[in-house]
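Each remark here refers to the structure printed beneath this line.
Computed from heavy atoms alone, side chains included, the values below leave out hydrogens, waters and symmetry copies.
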Amino acid sequence: MRIAILMTNTDESEFATRHPKDGDKWRKLLSPKRPDWTFTIYKVKDGDFPQDLSLHDGWIVTGSPASVHDDARWIGELLTLIRNIVESGAPLFGACFGHQAIALALGGT
């Protein structure tokens, strides 16, 4: 299974920089349970988006102190990506900000 981790955490505080980034946290959490899975981290909050959805079998959208209602360009691009993932039928999981982004992308308020 090839999992894409869409990292949305915008926290670049001194505290945050002393700790692992969210993409690494998810990989570390899941790898022992699924050692045959591969993980690719995309820093979507920095504009790093996957170009080919078919390269991944499942998706994780991380948490973030950002709001899904912010007008940052990457959030709009993420919402479009989420709709495309859902349309593809691939499994999609969102944590905190991630589940809010999924809800908003699919018409929630």
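Asp52 places a side-chain N or O within 3.5 Å of a backbone atom of Ser54 that can act as its donor or acceptor partner.
In terms of heavy atoms, Met1 sits closest to Pro91 at CE-CG, 4.4 Å. Heavy-atom minimum distance, Gly63 versus Cys96: CA-CB, 4.2 Å. Nearest heavy-atom pair across Pro32 and Leu29 is CD-O, 3.6 Å.
The number of heavy atoms from other shown groups lying within 6.0 Å of CG (Asp71) does not exceed 12. For Arg18, the CZ atom counts as densely surrounded, since its 6.0 Å shell holds more than 12 non-hydrogen atoms of other residues, nucleotides or ligands.
Ring centers of Tyr42 and Trp59: at least 6.0 Å apart, outside the cut-off.
Of the candidates Ile75, Val68, Thr109, Leu78, Val68 is the only one forming a side chain to side chain contact (heavy atoms under 4.5 Å, CB included) with Leu104. Across Thr10, Thr17, Asp11, a single residue satisfies side chain to side chain contact (heavy atoms under 4.5 Å, CB included) together with Ser13, and that is Asp11. Each of Leu6, Thr40, Asn84 was scored for a side chain to side chain contact (heavy atoms under 4.5 Å, CB included) with Pro50, with one residue passing: Leu6.
Using a 4.0 Å cut-off between charged nitrogen and carboxylate oxygen, Arg83 and Glu87 do not count as a salt-bridge pair. The pair Glu12-Lys45 counts as a salt bridge, with a side-chain nitrogen and a carboxylate oxygen less than 4.0 angstrom apart. Between Asp24 and Lys21 no salt bridge is recorded (no basic side-chain N to carboxylate O distance below 4.0 Å).
Both Leu92 and Phe97 belong to a single network of hydrophobic side chains, linked directly or stepwise wherever heavy atoms of I, L, V, M, F, W or Y lie under 4.5 Å apart. There is no path of hydrophobic side-chain contacts, each under 4.5 Å, that joins Leu106 to Ile60. The cluster map of Ile, Leu, Val, Met, Phe, Trp and Tyr, joined by side-chain heavy atoms under 4.5 Å apart, puts Phe93 and Val86 in different clusters. Put simply, Trp74 and Ile102 are part of the same group of oily side chains (I, L, V, M, F, W, Y) that touch within less than 4.5 Å, one to the next. Cluster membership check: Phe49 does not share its hydrophobic cluster with Ile5, using side-chain heavy-atom separations under 4.5 Å among Ile, Leu, Val, Met, Phe, Trp and Tyr.
Partners of Lys43 under the salt bridge (charged side-chain N to carboxylate O under 4.0 Å, His left out) rule, at least two apart in sequence or in another chain, do not exist in this structure. The salt bridge (charged side-chain N to carboxylate O under 4.0 Å, His left out) search around Arg2 returns Asp57, not counting sequence neighbours. Evaluation of the side chain to side chain donor-acceptor pair (under 3.5 Å) rule for Ser64 yields no partner, not counting sequence neighbours.
Side-chain atoms of Ser31 and Trp37, non-hydrogen and from C-beta on, never get closer than 4.5 Å to each other.
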